[in-house]
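Just so we're clear, the structure is a prediction, and the values are computed from it rather than from any experiment.
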Amino acid sequence: MTTKGFTTCLWFDGQAEEAANFYVSVFKDSSLGDTLRYTEAGPGPAGSVLTVEFVLNGQKFIALNGGPEFKFSEAISFQIDCENQAEVDYYWDKLVEGGGEHGPCGWLKDRFGVSWQVNPVRLTQMLKDPDQSKADRAMKAMLQMHKLDIPELEKAYAGG
């Protein structure tokens with residue numbers, strides 16, 4: 001390999017530039033990179049966006065305008081580990097903005113159909129607790145939620 005790490009390629013149907021700009025606006029430690037445009041050789045219209053490079057929280061992405069052949073599914077998602085409820089609320093609200101969909105258990109789809117898991121780090125800690133009854137109560141509470149609510153998870157975890 002010529003570089004370290006991987007670049008995640010996201011396939012869009014004409015929305016690559018819009019998506020890259022949206023994601024860069026949501027994540028604070030992010031940036032846009034190069035934009036590559038179709039030439040006369042096609043297959044897209046000459047001058048239209050082929051790819052846009054961008055970085056979110058140190059992760060490299062490329063948005064590709066590949067056409068209508070492929071759609072996103074929940075089989076691939078991006079997990080955002082949040083330190084507190086304010087971060088959970090921020091990402092939950094921002095990522096569904098403009099036509100996204102809330103899902104169960106902290107999952108959502110953004111307006112482009114990309115799936116995200118907005119996950120409090122504290123929930124992961126609860127689920128790893130060696131006291132299985134505490135972990136089970138946290139899991140049961142999580143399974144009843146859409147956006148994850150840390151105070152409610154803590155309450156269930158504690159047995160209340």
Side-chain angles (χ1 to χ4, degrees), residues 1 3-33 51-64 66 68-160:
M1 290 177 48
T3 61
K4 291 184 180 182
F6 296 94
T7 300
T8 301
C9 182
L10 301 173
W11 181 295
F12 296 91
D13 183 14
Q15 302 164 311
E17 188 170 36
E18 178 186 351
N21 284 316
F22 172 68
Y23 297 135
V24 166
S25 78
V26 170
F27 293 90
K28 292 168 182 66
D29 183 18
S30 63
S31 61
L32 288 171
T51 62
V52 179
E53 297 173 359
F54 60 104
V55 175
L56 305 177
N57 291 346
Q59 174 63 46
K60 298 181 295 183
F61 290 87
I62 190 162
L64 165 72
E69 291 85 0
F70 301 109
K71 304 287 183 217
F72 295 110
S73 82
E74 292 84 353
I76 298 289
S77 64
F78 296 100
Q79 183 172 317
I80 305 167
D81 292 323
C82 299
E83 292 297 325
N84 54 49
Q85 191 65 47
E87 283 187 3
V88 169
D89 295 345
Y90 172 81
Y91 288 112
W92 187 264
D93 295 341
K94 285 294 193 181
L95 288 168
V96 298
E97 209 171 75
E101 301 172 19
H102 296 157
C105 306
W107 288 59
L108 61 85
K109 281 187 187 180
D110 66 32
R111 67 181 179 231
F112 304 102
V114 175
S115 292
W116 298 85
Q117 298 176 56
V118 182
N119 179 59
V121 171
R122 181 65 183 122
L123 174 61
T124 302
Q125 294 166 346
M126 289 182 227
L127 297 177
K128 290 180 177 180
D129 193 306
D131 183 335
Q132 195 59 54
S133 62
K134 287 178 155 184
D136 287 349
R137 288 192 303 265
M139 174 66 80
K140 187 174 182 179
M142 185 263 312
L143 291 171
Q144 302 303 311
M145 297 178 182
H146 288 273
K147 177 174 71 173
L148 300 181
D149 182 323
I150 298 171
E152 286 299 313
L153 291 165
E154 290 282 8
K155 183 178 172 183
Y157 176 75

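Taken from CD1 in I150 to CD in E154, the straight-line distance is 7.5 Å, to the nearest 0.5 Å. Atom OH of Y90 sits about 8.5 Å away from atom CG of L95, to the nearest 0.5 Å. Residue Q132 holds its CD atom at 9.0 Å from CE of M139, rounded to the nearest 0.5 Å. Rounding to the nearest 0.5 Å gives a distance of 4.0 Å between CD1 of I62 and OG1 of T51. Here the CG atom belonging to D93 is positioned 6.0 Å from the CG atom belonging to D89, to the nearest 0.5 angstrom. To the nearest 0.5 Å, the span separating CZ on R111 from CZ on F22 amounts to 4.5 Å.
Side-chain contact, D81 with N119: a donor N or O sits under 3.5 Å from an acceptor N or O. In summary, the side chains of Q117 and S77 do present a donor paired with an acceptor at a separation below 3.5 Å, with no hydrogens or angles considered.
Looking at W107, Y23, F27 one by one, the single match for ring pair (Phe, Tyr, Trp, His ring centres under 6.0 Å) with Y91 turns out to be F27.
A donor-acceptor pair under 3.5 Å is formed between the side chain of Q85 and the backbone N or O of L148. A donor-acceptor pair is defined here as one N or O able to donate and one able to accept, closer than 3.5 Å; no such pair exists between the side chain of H102 and the backbone of L108.
Contact annotation: the side chain of N21 approaches that of L32 to within less than 4.5 Å [non-hydrogen atoms, C-beta and beyond]. The closest side-chain heavy-atom distance from F78 to L10 is below 4.5 Å. Put simply, the side chain of M145 reaches to within 4.5 Å of the side chain of L153, judged on heavy atoms.
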Quiz prompt | Residues I76, T8; criterion side chain to side chain contact (heavy atoms under 4.5 Å, CB included); working and verdict | solution = CA-CA 11 Å; I76 298 289; T8 301; over 6 Å; no
Practice problem: Apply side chain to side chain contact (heavy atoms under 4.5 Å, CB included) to the pair Y157 and R122, showing each step before the final yes or no. | Solution: CA-CA 11 Å; Y157 176 75; R122 181 65 183 122; 3.4 Å; yes
Exercise. For side chain to side chain contact (heavy atoms under 4.5 Å, CB included), just list the numbers for F72 and K109, CA-CA rounded to whole Å, side-chain angles, deciding distance to a tenth of an Å, and then say yes or no.
Key: CA-CA 10 Å; F72 295 110; K109 281 187 187 180; over 6 Å; no
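Heavy-atom minimum distance, W11 versus G66: CZ2-O, 3.1 Å. Minimum interatomic distance between C105 and M142 (heavy atoms only, all atoms of both residues): CB-SD, 3.4 Å. Across all non-hydrogen atoms, the minimal contact from A156 to A141 is CB-CB, 3.5 Å. Residue V118 comes nearest to C82 through the heavy atom pair CG1-SG, 3.8 Å, listed as atom of the first residue, atom of the second, then distance. Contact between F112 and D110 at its shortest, heavy atoms only, is N-OD1, 2.8 Å. Closest of all the heavy-atom pairs between V52 and A20 is CG1-CB, 3.6 Å.
More than 12 heavy atoms of other residues, nucleotides or ligands sit less than 6.0 Å from atom NZ of K147.
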